[in-house]
Amino acid sequence: MLDIRIVREDLDKVKQALATRGVAPGLLDELWDLDQQARTASTKRDTLRAEVNSISKEIAQLMRSGDTVSAGALRDRSRAIGDELSALESRAGELDVERREALLRIPNLPSEDAPVGVSEADNLIVRWWSPKSGMQNGSEINLPDYADYQRKPHWEIGSELKILDLERAAKISGSMFPMFRGLGATLERALTSMALDAHSDAFEEIRPPTLVRSATMVSTGHLPKFEEDAYRLERDDLYAIPTAEVPLTSLAKDEILLEEDLPVRLSAFTACFRREAGSAGRDTRGLLRLHEFDKVEILSYATPDQAADMHAELLRRAESLLQRLGLTYRVLDLCTGDLGNSSKRTFDLEAYSPGTGLWLEVSSVSWFGDYQARRANIRFRNSKSNQIEFVHTLNGSALAWARIWAVIVETYRQSDGSVTIPEELRPYMRNLEKIPSP
RNA sequence: GGAGAGGUGCCAGAGUGGUCGAAUGGGUCUCACUGCUAAUGAGUUGACCUGGGAAACCGGGUCCGAGGGUUCAAAUCCCUCCCUCUCCGCCA
């Protein structure tokens, strides 16, 4: 949620900034009007309330001194005002709600550092990494040479090695729900343990609930605008989380944190649920796009001063996992038009899938400024100014497993059809060296 | 799922219609006392919206789990919901 004050004070600047992500300026004009109306209405309401309050005090005094006649007269007067007041109250109340609802649907202001653009085609490739070349800046990517046997899509490898069973998953739950079997399932579990351990030096490991209230979805910006994307359990009014970001952000909802406790670092492993409405048929084969997938998320509450460093830290941590797994990836600086609703700036990590020839998004590392904190009401007291301020929230996937699983089995496929297990994972997989071909 | 109890400030806890943003105790911070620490004494200590002001600050409004209602007036009365605790039932 934006600070209504900057809309009030600098309407043109807000319009301009949001235009870069495709928000119609008229929407801001409407909000500005609504704010003016809401403020005049509540001022009127408050002066009338003040009058009723003071009359009530007078009545109390008169009652105590036994002057019931004067008290009765005042009571009649107050009652008359009361009718007028209740009309004003409901008007002001409506306007408040309308203003908040409008505000909840307006996306965050992009960072000035985010590249300006309209679609994912305008995202900036800032660097890439492969085990052979190491880190390289720029967008000129020389992919490693992949052998023919690595050019097999993971869904074929998966059924060949009996470690992925999409057919039966579909029988159980429908398409786009995965089922891993045998060492395939072990691989997911190993990835999870490895990742959580990798962040355990600084992050508190959380295992949050997977079903949340609607208010929790509002805090992160997943509601009200993206209702269609989420699974909802109507009977209990709960939503299945699309990412651990949702419960982790609301962990500190309505709290005032101590500055010395910042930055807070949290990690969590959860399943993530996405309806993927409207994306049917688009890169949906195998594990490319799923209704349910597992993910380790890292998240931070930071002071505004700490936010830039924290953003870099989260990105570094996500990247380091990809490097440890020996997977070729590139780093994208998302352009304003492709930025998520709540984000000010996002770096996506895309791993290269030799079996499909696609770059797969396996992590998204975002800085939200105070946008989510304002929605969730998460604050801290600035010890220098002694003022209460909103924290900044940041988070990143580290990492999203199903796609990583896909890239691993393709990248590490051997000529005999078996898959070598990346060394870093072996301690988590009973020290096995490969997933054998039957 | 059934029966009961309860949700008040940083914490504990009083308050059952007006003098209550809220007793009291603890904590916090400040000052005094003290060689230091401790102890003691005095004071201090909320958030949000809004108007004025450069600011310190001042005015108005809201907030006693959430939302509605009754009343001139609600922490206090009524309704709905949420949460916590105890007991019973069921269950990984």
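Each chain gets a letter, A, B and so on, in the order its sequence line appears, and its residues count up from 1.
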Colleague: Could you check how far CG of A/L48 sits from C1' of B/rU62, rounded to whole Å?
Modeller: 15 Å
Colleague: Expressed in angstrom and rounded to an integer, what is the separation of A/E260 atom CD from B/rU28 atom P?
Modeller: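 Rounding to the nearest Å, CD of A/E260 and P of B/rU28 are 14 Å apart.
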Colleague: From CZ of A/R39 over to C1' of B/rU50, roughly how many Å is that when rounded to an integer?
Modeller: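 Whole-Å distance recorded here is 8 Å.
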Colleague: So, for A/R275 and A/A230, which heavy atoms are closest and what is the spacing to 0.1 Å?
Modeller: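 So the minimum-distance heavy-atom pair works out to CD-O, 3.0 Å.
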Colleague: Hey, which of A/R45, A/R49, A/K44 is the one that makes side-chain hydrogen bond (donor to acceptor under 3.5 Å, both in side chains) with A/E89?
Modeller: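 When A/R45, A/R49, A/K44 are each tested with A/E89, the side-chain hydrogen bond (donor to acceptor under 3.5 Å, both in side chains) holds only for A/R49.
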Colleague: For residues 298-327 of chain A, which residue pairs pass the ring pair (Phe, Tyr, Trp, His ring centres under 6.0 Å) check, not counting sequence neighbours?
Modeller: A/H311-A/F347
Colleague: For atom C1', what is the distance between B/rC77 and B/rU70, given to the nearest Å?
Modeller: 8 Å
Colleague: What integer distance in Å separates A/M1:CE from B/rC49:P?
Modeller: 10 Å
Colleague: Taking the side chain as every heavy atom from C-beta outward, state whether A/M1 and A/L104 have any atom pair closer than 4.5 Å.
Modeller: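 A side-chain contact exists here, since the closest heavy-atom pair is under 4.5 Å.
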Colleague: Could you give the CG-to-P distance, from A/D3 to B/rC48, as a whole number of Å?
Modeller: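 Taking atom P of B/rC48 as the reference, CG of A/D3 is at 12 Å.
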Colleague: Check each residue of residues 379-392 of chain A for a non-hydrogen atom within less than 4.0 Å of any atom in RNA chain B, then write out the ones that pass by number, or none.
Modeller: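 Contacts with RNA chain B under 4.0 Å: A/R379, A/R381, A/I388.
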Colleague: Applying a 4.0 Å non-hydrogen cut-off, can you work out what A/R374 is touching in the nucleic acid: base, sugar-phosphate, or nothing?
Modeller: nothing
Colleague: Is the shortest side-chain heavy-atom distance between A/R75 and A/M63 below 4.5 Å?
Modeller: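 Of all side-chain heavy-atom pairs linking A/M63 with A/R75, at least one is under 4.5 Å.
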Colleague: Rounded to whole Å, please give me the gap between CG in A/L62 and P in B/rA73.
Modeller: 16 Å
Colleague: Write down the partner of B/rU86 under the Watson-Crick or G-U wobble criteria, each distance required to be under 3.5 Å.
Modeller: B/rA3
Colleague: With rounding to whole Å, what would you report as the distance between B/rG15 and B/rC79 at their C1' atoms?
Modeller: 23 Å
Colleague: I want to check something: taking the side chain as every heavy atom from C-beta on, are A/T356 and A/E410 in contact at a cut-off of under 4.5 Å?
Modeller: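 Counting from C-beta outward, A/T356 and A/E410 do come under 4.5 Å.
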Colleague: Rounding to the closest angstrom, what is the interatomic distance between B/rC11 and B/rU28 at atom C1'?
Modeller: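 It comes out at 11 Å once rounded to the nearest Å.
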Colleague: Distance-only, no hydrogens or angles: does the A/S397 side chain make a donor-acceptor pair with backbone N or O of A/S364 under 3.5 Å?
Modeller: yes
Colleague: Kindly give the atom pairs (protein nitrogen or oxygen, nucleotide nitrogen or oxygen) under 3.5 Å for nucleotides 81-84 of chain B.
Modeller:
residue, atom, partner, partner atom, Å
B/rC82, O3', A/R213, NH2, 3.3
B/rC82, O2', A/R213, NH2, 3.3

Colleague: Hunt down the Watson-Crick or G-U wobble partner of B/rC72, both distances under 3.5 Å, from any strand shown, or write none.
Modeller: B/rG18
Colleague: Using atom C1' of each nucleotide, how far apart are B/rA12 and B/rG1 to the nearest Å?
Modeller: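 Nearest-Å result for B/rA12 against B/rG1 at atom C1': 34 Å.
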Colleague: Under a 3.5 Å cut-off for both contacts, is B/rG9 paired Watson-Crick or G-U wobble with anything, and if yes, with which nucleotide?
Modeller: none
Colleague: Determine which nucleotide pairs with B/rA47, using a 3.5 Å limit on both distances of a Watson-Crick or G-U wobble pair.
Modeller: B/rU62
Colleague: Would you please name every residue forming a side chain to side chain contact (heavy atoms under 4.5 Å, CB included) with A/A195, sequence neighbours left out?
Modeller: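 Residues passing side chain to side chain contact (heavy atoms under 4.5 Å, CB included) with A/A195: A/V296, A/L321, A/W401.
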Colleague: Using atom P of each nucleotide, how far apart are B/rG67 and B/rA14 to the nearest Å?
Modeller: 25 Å
Colleague: With sequence neighbours excluded, what pairs up with A/A202 under the side chain to side chain contact (heavy atoms under 4.5 Å, CB included) test?
Modeller: A/R265, A/R317
Colleague: Considering every strand shown, what is the Watson-Crick or G-U wobble mate of B/rA38 when both distances are under 3.5 Å?
Modeller: none
Colleague: Between the protein and nucleotides 74-80 of chain B, which nitrogen or oxygen pairs come in under 3.5 angstrom?
Modeller:
none

Colleague: So A/L28 and A/I106, do their side chains get closer than 4.5 Å, heavy atoms only?
Modeller: yes
Colleague: Between B/rG69 and B/rA5, how far is it from one C1' atom to the other, in whole Å?
Modeller: 25 Å
Colleague: Roughly how far apart, to the nearest Å, are B/rC33 and B/rA23 at atom C1'?
Modeller: 29 Å
Colleague: Name each donor-acceptor pair under 3.5 Å that joins a side chain in residues 426-438 of chain A to protein atoms two or more places apart or in another chain, with its distance.
Modeller:
residue, atom, partner, partner atom, Å
A/R426, NE, A/I421, O, 2.9
A/R426, NH2, A/I421, O, 3.0
A/Y428, OH, A/D197, OD2, 2.7

Colleague: Near RNA chain B, under 4.0 Å by heavy atom, which residues of residues 63-99 of chain A?
Modeller: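 The answer is A/M63, A/R64, A/R75, A/S78, A/R79.
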Colleague: Tabulated below should be each protein N or O lying under 3.5 Å from an N or O of nucleotides 58-61 of chain B; please produce it.
Modeller:
residue, atom, partner, partner atom, Å
B/rG61, OP1, A/N53, ND2, 3.2
B/rG61, O2', A/D46, OD1, 2.9
B/rG61, O2', A/R49, NH1, 3.2

Colleague: State, with a plain yes or no, whether a side-chain heavy atom of A/E205 is found less than 4.5 Å away from one of A/S200.
Modeller: no
Colleague: Is the shortest heavy-atom distance from the side chain of A/T284 to the side chain of A/E276 under 4.5 Å?
Modeller: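 Result no, sub-4.5 Å side-chain heavy-atom pair not found.
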Colleague: Can you name the side chain to side chain contact (heavy atoms under 4.5 Å, CB included) partners of A/A406, sequence neighbours left out?
Modeller: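 A/A406 satisfies side chain to side chain contact (heavy atoms under 4.5 Å, CB included) with A/H154, A/L287 only.
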Colleague: Please, which pairs that meet ring pair (Phe, Tyr, Trp, His ring centres under 6.0 Å) have at least one residue in residues 169-223 of chain A, sequence neighbours excluded?
Modeller: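 Listed by first then second residue: A/F177-A/H291, A/F180-A/W405, A/H199-A/F203.
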Colleague: Show me the side-chain donor-acceptor pairs of residues 91-103 of chain A shorter than 3.5 Å, one per line, residues at least two apart or across chains.
Modeller:
residue, atom, partner, partner atom, Å
A/D96, OD1, A/R99, NH2, 3.1
A/R99, NH1, A/D35, OD1, 2.6

Colleague: May I ask you to check whether A/T220 and A/E245 show a side-chain donor-acceptor distance below 3.5 Å?
Modeller: no
Colleague: Does a side-chain heavy-atom distance below 4.5 Å link A/L349 with A/L315?
Modeller: yes
Colleague: Could you measure between the two P atoms, the one in B/rG27 and the one in B/rA38, and give it in whole Å?
Modeller: 12 Å
Colleague: Tell me which of A/I55 and A/I256 sits closer to the 5' end of RNA chain B, going by the nucleotide each one is nearest to.
Modeller: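 On the 5' side of the pair lies A/I256.
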Colleague: Scan every strand shown for a Watson-Crick or G-U wobble partner of B/rA23, both distances under 3.5 Å, and answer none if you come up empty.
Modeller: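 Checking every strand shown, B/rA23 finds no partner, since no pair has both distances under 3.5 Å.
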